[in-house]
Amino acid sequence: MTKLRYVKGNIVNIVGGKTKIFANEIEISSNKNIIYNAPKHSHGEPEDPPKKVSKTRVKEIELLTSLDDGSKNDKSGGLQKGFVFDKTYEFKVKSYSNGAPVATSLIKWLIKYHSPAQNKWIETPLNVKGDNVKITLNEKEMCGRIVSVRAYIDDPETEGELKKWKHNRFRWFDRMLVEDEINERTDNRKPWLVNQSGTSLCGMACIFYLFAKDQPKAYSKFAKELFRKGEATFNKYTVKPSIEVLEKNIGTLKKKVVAINTGGMPLVDFLTMAGTRNTDNPKYKGGEEEFQAINWPPLMTDLCEKLLGYKDVSSKGIYNPVKSLVYTDFDIESKIEDINKQIVNGYKLILMIDSDLIADHWDVSSLDLHWVVLESEIKEVEMLDENGRTVHRLDFRVYSWGTNPNGDKALILNTKTGKMEENVEYRYLKRPITKTHFMNNYNGYIKIK
């Protein structure tokens, strides 16, 4: 190939080092002078042109920092190694395709992973160069993903690559179990499975029961994002639990629930409810801090507005749980009428009660404040008491403690008495109650719409 260059003026080359020209033939033509200004010049046998050197590539890279354990996420209870969020890892180029490059500064690095939130591959070039680098993996979006770390000189797609799993933020919780629990509450329409177990998180249970029941898709997205990234926002509320909650080891959690004999809080309920309570009160760390776990009325109304997104939120009676010891039939009828009126007008009601109201034991002296969701009007029913007399009782349905508020009653044989009795094990209220019992254990409500 021939190249011609026409210049009307002068060409001046200033070179600090040597200028070498390798050619089969050199021809210089001038219609004026050819001037060589040099201390000496010589001619002789030409040098051999330099040999063409093949360009090298990064072939392998290695991780010098140890990985950490986390759930294997396959329902086996096993563990796997992986990156953890916000930890710094050291990487080194292990080999090249054609020897080390002339300068290690030519080696560049990037990270690649698939983002579920954006449903696309994310490539992030890093501001580090060299054959040995330290990288802090502090991007939440890459949690729960396979992360590709790449070192390259020219082509990141074909040169050195190292793929490793990066744990979910709740790394000890099995993803498959968490997703099964989410599906049960949403796809299988069992939001009442939300269960605070033996903790004082009854208010959180009511909030997330309503969340899963009324906005199942949003609840599912919120819970999965919180599990994977350790942070989730819905409407105007962000849940961002501390490291003590995020690092809760399921083994430790199991020991705790065995100790308090509750049967165990489901994983998704722990991460959503304990995570939310810890966000509001960092002194609650997802353990046995019963007082710190209590869900006070301001928090409940705040969550109804900012998290669940209800526009009409107000309360009645919940700030003064100390009730009068003397009340009339009119007082009882007025309270029940007011509650039923709210239900008829389309409000959802979260009741503050003493837990004796719906439990198997009745009117004990202790004050055990408890939140429940009322799922029906309060009706007066006629029934026979233990002496065969006709009495009037109150009956209604509530959500609490992971039970179905619409659970059906069934007649079963009591082997001790030999009589057929109603089985109401899977329903709250467990049996109709007297008006006096209702008044002794009812405090007030939060209404939302």
Side-chain angles (χ1 to χ4, degrees), residues 192 194-207 209 260-263 265 273 288 290-291 293-297 300 315-329 331-340 342-343 349-381 383 385-387 391-407 409 421-447:
W192 45 266
V194 172
N195 190 358
Q196 86 267 17
S197 189
T199 70
S200 299
L201 296 173
C202 55
M204 295 297 97
C206 291
I207 293 294
Y209 163 70
I260 59 178
N261 195 27
T262 63
M265 193 192 307
M273 297 194 297
E288 297 179 355
E290 290 188 19
F291 180 79
I294 294 174
N295 313 137
W296 303 106
M300 294 292 291
S315 62
K316 185 174 183 179
I318 59 174
Y319 291 94
N320 184 25
V322 179
K323 302 173 292 299
S324 173
L325 297 178
V326 179
Y327 39 80
T328 66
D329 289 342
D331 295 328
I332 299 174
E333 296 299 332
S334 295
K335 283 188 180 295
I336 294 174
E337 183 180 346
D338 175 51
I339 291 172
N340 288 340
Q342 309 311 321
I343 296 291
L349 294 186
I350 304 174
L351 306 184
M352 176 186 276
I353 63 172
D354 189 290
S355 59
D356 296 338
L357 181 70
I358 60 173
D360 285 330
H361 48 276
W362 309 92
D363 293 319
V364 295
S365 58
S366 62
L367 185 63
D368 301 315
L369 295 180
H370 184 58
W371 295 102
V372 298
V373 177
L374 181 64
E375 288 289 17
S376 72
E377 295 180 51
I378 300 175
K379 295 182 178 180
E380 188 171 325
V381 296
M383 59 186 298
D385 66 10
E386 59 274 10
N387 298 316
V391 293
H392 291 84
R393 297 286 187 264
L394 299 179
D395 195 18
F396 49 91
R397 300 191 307 274
V398 297
Y399 155 76
S400 182
W401 285 312
T403 58
N404 185 355
N406 300 309
K409 297 179 181 180
E421 297 179 356
E422 283 186 334
N423 173 23
V424 289
E425 181 181 1
Y426 299 106
R427 177 196 158 182
Y428 286 106
L429 176 74
K430 285 188 175 294
R431 61 179 181 235
I433 60 176
T434 66
K435 293 180 179 180
T436 300
H437 180 75
F438 175 82
M439 287 296 287
N440 286 345
N441 294 285
Y442 167 75
N443 296 296
Y445 59 72
I446 295 173
K447 67 175 186 178

### Task
State the OG-CD distance between S400 and E375, to the nearest 0.5 angstrom.
11.5 Å
### Task
Could you check if a side-chain atom of H437 sits within less than 4.5 angstrom of a side-chain atom of L394, using non-hydrogen atoms only?
no
#### Entry: Side-chain touch K316/D338, heavy atoms, less than 4.5 angstrom
yes
### Query
Can you name the side chain to side chain donor-acceptor pair (under 3.5 Å) partners of R397, sequence neighbours left out?
N406
### Message
Tell me the closest heavy-atom pair linking I343 and S376, and the distance in Å.
### Response
CG1-O, 4.3 Å
### Message
To the nearest 0.5 Å, what is the distance between OG1 on T436 and CD1 on I332?
### Response
5.5 Å
### Message
Is any side-chain heavy atom of K335 closer than 4.5 Å to one of M439?
### Response
yes
### Query
Would you call the rings of F396 and F438 parallel, tilted or perpendicular, where under 30° means parallel and over 60° means perpendicular?
perpendicular
### Message
Could you tell me if the side chain of I446 sits less than 4.5 Å from the side chain of S315, heavy atoms only?
### Response
yes
### Query
Among side-chain atoms of T328 and D331, is any donor-acceptor pair under 3.5 angstrom?
yes
### Query
Any side-chain heavy atom of N195 sitting closer than 4.5 Å to one from M265?
no
### Query
Taking only residues two or more places apart in sequence, or in another chain, which ones meet E377 in a side chain to side chain donor-acceptor pair (under 3.5 Å)?
none
### Query
Between C202 and N295, what is the shortest heavy-atom contact and its length?
N-OD1, 3.5 Å
### Query
Which heavy atom in L201 sits nearest to a heavy atom in A293, and how many Å separate them?
CD2-O, 3.6 Å
### Query
Within the distance-only criterion (no hydrogens, no angle test), does the side chain of N340 pair as donor or acceptor with the backbone N or O of I378 below 3.5 angstrom?
yes
### Message
I'd like to check P297 versus M352 (side-chain heavy atoms, cut-off strictly below 4.5 Å). Are they in contact?
### Response
yes
### Task
For K435, check side chain to side chain donor-acceptor pair (under 3.5 Å) against everything at least two apart and list the hits.
E333, E380
### Message
If we check ring-ring contact (aromatic ring centres under 6.0 Å, His included) with Y209, which of these qualifies: Y399, W371, W192, W401?
### Response
Y399
### Message
As an exercise, state the distance from CG of L369 to CG of N443, rounded to the nearest 0.5 Å.
### Response
6.0 Å
### Message
If I take atom CE from residue M383 and atom CZ from residue R393, how far apart are they, to the nearest 0.5 angstrom?
### Response
6.5 Å
## Note on the structure
CG (L351) and CG (L357) are apart, to the nearest 0.5 Å, by 8.0 Å
### Query
Is there side-chain contact between D354 and H370, with at least one heavy-atom pair below 4.5 Å?
no
